[in-house]
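One structure is given below, encoded as structure tokens.
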Amino acid sequence: MSGKPKLHYFNGRGRMEPIRWLLAAAGVEFEESYLEKKEDLTKLQKDGSLLFQQVPMVEIDGMKLVQTRAIANYIATKYNLYGKDLKERALIDMYVEGLFDLNELLMMHVVQPADQKQQHFANMMDKAENRYFPVFEKVLKDHGKDFLVGNQLSRADVQLLEIILMAEEYKPDILAKFPLLQSFKARISNIPTIKKFLQPGSQRKPPTREEDIAKAIKIFRS
Ligand code: P9H
């Protein structure tokens, strides 16, 4: 065991990507074991590695953690990305859960049936531009600080940057009406650990394509 966390998932974003971002932002090197075929999943299910028979699973500190949010909570707490007290954590949790909801919309677009893609696209862009991004623009405007909570980097900043970049893959000018989010994006992208993760060749995964979904379905569909 190299002592490095080991991530078990398929070679794509899906539910593991927020965890890759958190570890990268914390400057933690990690290994990945990719599920390529159904047998790779059933092997982990049979040897008791998956509490709920599902991935993401992360081997860290002698544990086999499952459930995306549970894994993210452990990493954020361990690497001091979760605020300095209960009230800061409450703010961070609200922001992060809102971002997970938007992430679900953005993540699921690729699996929408062709006749629903346009309607789904309109809805996810509407939610991004009129429900979620205005909240974070106002948070930055109201306190005038560099980070969303506590004037220091937290998992909320990391996840907001992840989601901004994902939304821009769908609509490159989506931040046109959000000047503070534009400067936030530049500022957080220049943090050395995150800048390294944004470099080509990092463990950050590319946008999910139709053929990636077809492969995932073969692994996960019983
Ligand atoms: N609450 C991939 C991309 C987007 C959304 C879901 C799945 C849920 C957590 C095997 N794991 C397609 O279905 C793949 C979860 C974890 C949990 C799994 C089974 C899924 C996907 C693979 N399915 O947040 O961790 O849905 O292991 O037997 O259920 S991820």
Side-chain angles (χ1 to χ4, degrees), residues 5-25 28 30-61 63-78 81-82 92-114 116-117 119-121 123-125 127-128 132 155-156 158-160 162-170 203-222:
K6 189 171 188 177
L7 281 52
H8 296 263
Y9 199 61
F10 64 87
N11 185 1
R13 292 180 178 176
R15 298 192 183 289
M16 185 66 94
E17 197 68 359
I19 292 164
R20 297 186 183 104
W21 270 85
L22 273 180
L23 287 168
V28 178
F30 57 91
E31 293 170 353
E32 300 201 77
S33 171
Y34 297 132
L35 278 65
E36 298 287 353
K37 53 191 185 305
K38 177 170 280 301
E39 290 70 33
D40 299 334
L41 177 64
T42 45
K43 177 182 171 301
L44 290 173
Q45 289 171 327
K46 286 203 169 39
D47 70 17
S49 290
L50 307 177
L51 191 62
F52 299 108
Q53 310 318 317
Q54 295 182 315
V55 291
M57 187 270 279
V58 173
E59 293 182 78
I60 184 169
D61 300 334
M63 301 179 287
K64 291 180 178 180
L65 296 183
V66 296
Q67 291 292 340
T68 306
R69 289 166 162 82
I71 299 166
N73 292 348
Y74 180 82
I75 293 165
T77 305
K78 180 176 180 180
L81 291 171
Y82 219 157
I92 290 168
D93 278 341
M94 289 194 294
Y95 299 158
V96 162
E97 289 302 323
L99 289 167
F100 268 125
D101 287 348
L102 178 53
N103 187 28
E104 203 71 19
L105 279 177
L106 298 171
M107 197 167 53
M108 291 307 191
H109 184 67
V110 68
V111 295
Q112 297 304 310
Q116 286 170 34
K117 272 219 192 286
Q119 193 276 334
H120 185 272
F121 183 91
N123 177 51
M124 70 181 184
M125 288 298 112
K127 291 292 184 298
Y132 295 102
R155 62 182 292 186
V158 177
Q159 201 158 335
L160 176 55
E162 179 190 4
I163 297 300
I164 284 172
L165 297 178
M166 243 175 119
E168 287 182 328
E169 287 163 357
Y170 287 110
Q203 289 165 300
R204 181 180 176 220
K205 301 297 180 274
T208 304
R209 300 157 304 169
E210 302 281 343
E211 57 266 33
D212 301 318
I213 292 298
K215 194 173 170 196
I217 285 172
K218 279 216 289 302
I219 296 170
F220 295 108
R221 281 292 176 277
S222 33

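Just follow the structure's listing: the first ligand is 1, and inside any ligand the first atom is 1. Only heavy atoms go into these numbers, but all of them, side chains included; no hydrogens, no water, no symmetry mates. These figures come from a predicted structure and were not determined experimentally.
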Fill in: Heavy-atom donor-acceptor pair, D101 side chain to G98 backbone, under 3.5 Å
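Not a single qualifying donor-acceptor pair exists.
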Discussion item. For a side-chain contact (heavy atoms from CB on, under 4.5 Å) check, start with the C-alpha distance between V58 and F30, then their side-chain angles and the critical distance, and finish with the verdict.
Written reply: CA-CA 10 Å; V58 173; F30 57 91; over 6 Å; no
Fill in: Close residues, ligand 1: non-hydrogen atom nearer than 4.0 Å
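Its neighbours under 4.0 Å (heavy atoms only) are Y9, G14, R15, Q45, Q53, Q54, V55, P56, Q67, T68, M107, M108, F220, R221, given by chain and number.
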Fill in: T208 OG1 to K215 NZ distance, which is reported to the nearest 0.5 Å
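Interatomic distance, T208 OG1 to K215 NZ, rounded to 0.5 Å: 12.0 Å.
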Worksheet item: For V158 and A25, which heavy atoms make the closest approach, and how far apart are they?
Response: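 Nearest heavy atoms, V158 then A25: CG2-CB, 3.6 Å.
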Worksheet item: Are any non-hydrogen side-chain atoms of Y82 and I92 less than 4.5 angstrom apart?
Response: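 SC-SC contact between Y82 and I92 confirmed.
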Discussion item. Pair M63, M57 - check side-chain contact (heavy atoms from CB on, under 4.5 Å), show working.
Written reply: CA-CA 10 Å; M63 301 179 287; M57 187 270 279; over 6 Å; no
